Amino acid sequence: MSVLIGTTPTRTFDDARRWVTEGTALLTGGIDGLSVADFDADSQLPGWTRKHLVGHVAANADALGNLLSWAETGVEKRMYASPEQRNADIEAAATRPADELRAWYLRGVAELEATIDRLTPEQWEHEVITAQLVTRQASDVPWMRAREVFVHAVDLGVGITFADLPDDFLLALAGEIRTKRGLSDDDLRGVTGSLPEVAAWLAGRPHGLVDAPELGPWL
């Protein structure tokens, strides 16, 4: 089966908000099923345990909350103090007790959800700067969070796959990654497979495609 992945946006603000809810529920379910010992096992991301992964997603909620605070108050608040601080926080998270990580993750989910519900249409139009020093509207934050929770739900390594993610999300994800990787129609011409497999390949995750060129990790 051949999948046509376009380079034009295939998502709306309402889509992104819905995906945040759905992706958070999927990831939370995966985390809820982990025992204390399971947190120390490897995730599907090379070099990361599940503690690294849960800590990263928890910290991401706080970081995106900083951007929404910026949009809400007009007072600049960057995602992270620095790339080095971000990486150090992830490594520190890997040493924290499982119950502490779980509580941090759940707190971040609740706080981010409350802020998303609170912002006005005018505040969503406020410009913020991401960790990659890209200027975006605050209205892009739900999409940024949706990518994190859905893709890392797969990375958690508890049996969730790209086939468990909504097709409309996968189309939007694949289109964005294709654009960011600068892949042309010719680059994709020989890549044949289902939408979940193509999205997994584009994201640099394990896939079942045959003869698809290897891509580096993304997100």
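Since this is a predicted model, take the numbers as computed values, not measurements.
Between atom CD1 of residue Ile31 and atom CG of residue Leu26 there is a gap of 10.0 Å, rounded to the nearest 0.5 Å. For the atom pair NE2 (His52) and CZ (Phe39), the distance works out to 14.0 Å, reported to the nearest 0.5 Å. Atoms CZ and NE2, on Arg147 and His152 in that order, are 9.5 Å from each other to the nearest 0.5 Å. Here CE of Met79 is found 7.0 Å from OG1 of Thr130. Values are rounded to the nearest 0.5 Å. Going from atom CG of Leu170 over to atom CG of Asp164 covers 10.0 Å, rounded to the nearest 0.5 Å. Here the CG atom belonging to Leu106 is positioned 8.0 Å from the CZ atom belonging to Arg102, to the nearest 0.5 angstrom.
The side chain to side chain donor-acceptor pair (under 3.5 Å) test with Arg145 is passed by exactly one of Asn60, Asp140, Thr24: Asn60. Each of Leu173, Val20, Thr12 was scored for a side chain to side chain contact (heavy atoms under 4.5 Å, CB included) with Trp143, with one residue passing: Leu173. Under the side chain to side chain donor-acceptor pair (under 3.5 Å) test applied with Arg118, the options Gln123, Glu113, Glu72 reduce to a single match, Glu72.
Contact between Ser139 and Phe13 at its shortest, heavy atoms only, is O-CD1, 3.4 Å. Nearest approach of Ala71 to Ala138, heavy atoms of both residues: CB-CB, 3.6 Å. Residues Leu112 and Gly65 approach most closely at CD1-N, 3.8 Å, considering heavy atoms. Across all non-hydrogen atoms, the minimal contact from Gln137 to Glu125 is NE2-O, 3.5 Å.
Hydrophobic clustering keeps Leu67 apart from Val75 (ILVMFWY residues linked when any side-chain heavy atoms are closer than 4.5 Å, directly or through intermediates). Neither Val36 nor Val158 shares a network with the other; the hydrophobic side chains, linked directly or stepwise wherever heavy atoms of I, L, V, M, F, W or Y lie under 4.5 Å apart, form separate groups for each. Following chains of ILVMFWY side-chain contacts shorter than 4.5 Å, one cannot reach Leu68 starting from Val109, and the two form parts of different hydrophobic clusters. Placement of Val57 and Ile116 in two distinct hydrophobic clusters is found when ILVMFWY residues are connected by side-chain heavy-atom separations under 4.5 Å, directly or transitively. If you chain together hydrophobic residues whose side chains sit under 4.5 Å apart, Tyr105 and Leu45 fall into the same group.
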### Task
Quick one: do His126 and Thr73 satisfy side chain to side chain contact (heavy atoms under 4.5 Å, CB included)? Show the steps, please.
CA-CA 10 Å; His126 196 290; Thr73 66; over 6 Å; no
>> Test salt bridge (charged side-chain N to carboxylate O under 4.0 Å, His left out) on Arg107 and Asp62; report intermediate values, then the result.
In response: CA-CA 9 Å; Arg107 175 186 57 76; Asp62 293 343; 3.6 Å; yes
Please evaluate residues Arg17 and Asp14 with respect to the criterion salt bridge (charged side-chain N to carboxylate O under 4.0 Å, His left out), reporting the C-alpha separation (whole Å), side-chain torsions for both, the decisive distance (0.1 Å), and the verdict. CA-CA 5 Å; Arg17 291 196 60 174; Asp14 288 340; over 6 Å; no
Side-chain atoms of residues 203-215: list all donor-acceptor pairs with protein atoms under 3.5 Å, sequence neighbours left out, distances to 0.1 Å.
{"residue": "Arg205", "atom": "NE", "partner": "Asp155", "partner atom": "OD1", "Å": "3.0"}
{"residue": "Arg205", "atom": "NH1", "partner": "Ala203", "partner atom": "O", "Å": "2.9"}
{"residue": "Arg205", "atom": "NH1", "partner": "Trp218", "partner atom": "O", "Å": "2.3"}
{"residue": "Arg205", "atom": "NH2", "partner": "Asp155", "partner atom": "OD2", "Å": "2.7"}
{"residue": "Arg205", "atom": "NH2", "partner": "Leu219", "partner atom": "O", "Å": "3.4"}
{"residue": "His207", "atom": "ND1", "partner": "Leu209", "partner atom": "N", "Å": "3.1"}

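Between the side chain of Arg50 and the main chain of Leu156, a donor-acceptor pair closer than 3.5 Å is present. Checked by atom type and distance alone, the side chain of Asp38 pairs as donor or acceptor with a backbone atom of Ser35 at under 3.5 Å. A donor-acceptor pair under 3.5 Å links the side-chain atoms of Ser43 to the main chain of Trp48, judged by distance alone. Side chain of Lys51 to main chain of Arg96: a donor-acceptor pair is present (N/O by atom type, distance under 3.5 Å, no hydrogens or angles). Side-chain atoms of Asp187 come within 3.5 Å of backbone N or O of Ser184 as a donor-acceptor pair. Thr179 contributes a side-chain N or O that, together with a main-chain N or O of Gly175, makes up a donor-acceptor pair within less than 3.5 Å. In this structure, Arg181 contributes its side chain and Leu202 its backbone to a donor-acceptor pair below 3.5 Å.
By the 30° and 60° cut-offs, the orientation of the rings of Phe150 relative to Phe169 is tilted.
For Asn66 and Ser69, the side-chain atoms include no donor-acceptor pair closer than 3.5 Å. Between Asp89 and Gln85, the side chains place a donor N or O and an acceptor N or O closer than 3.5 Å (distance only, hydrogens not considered).
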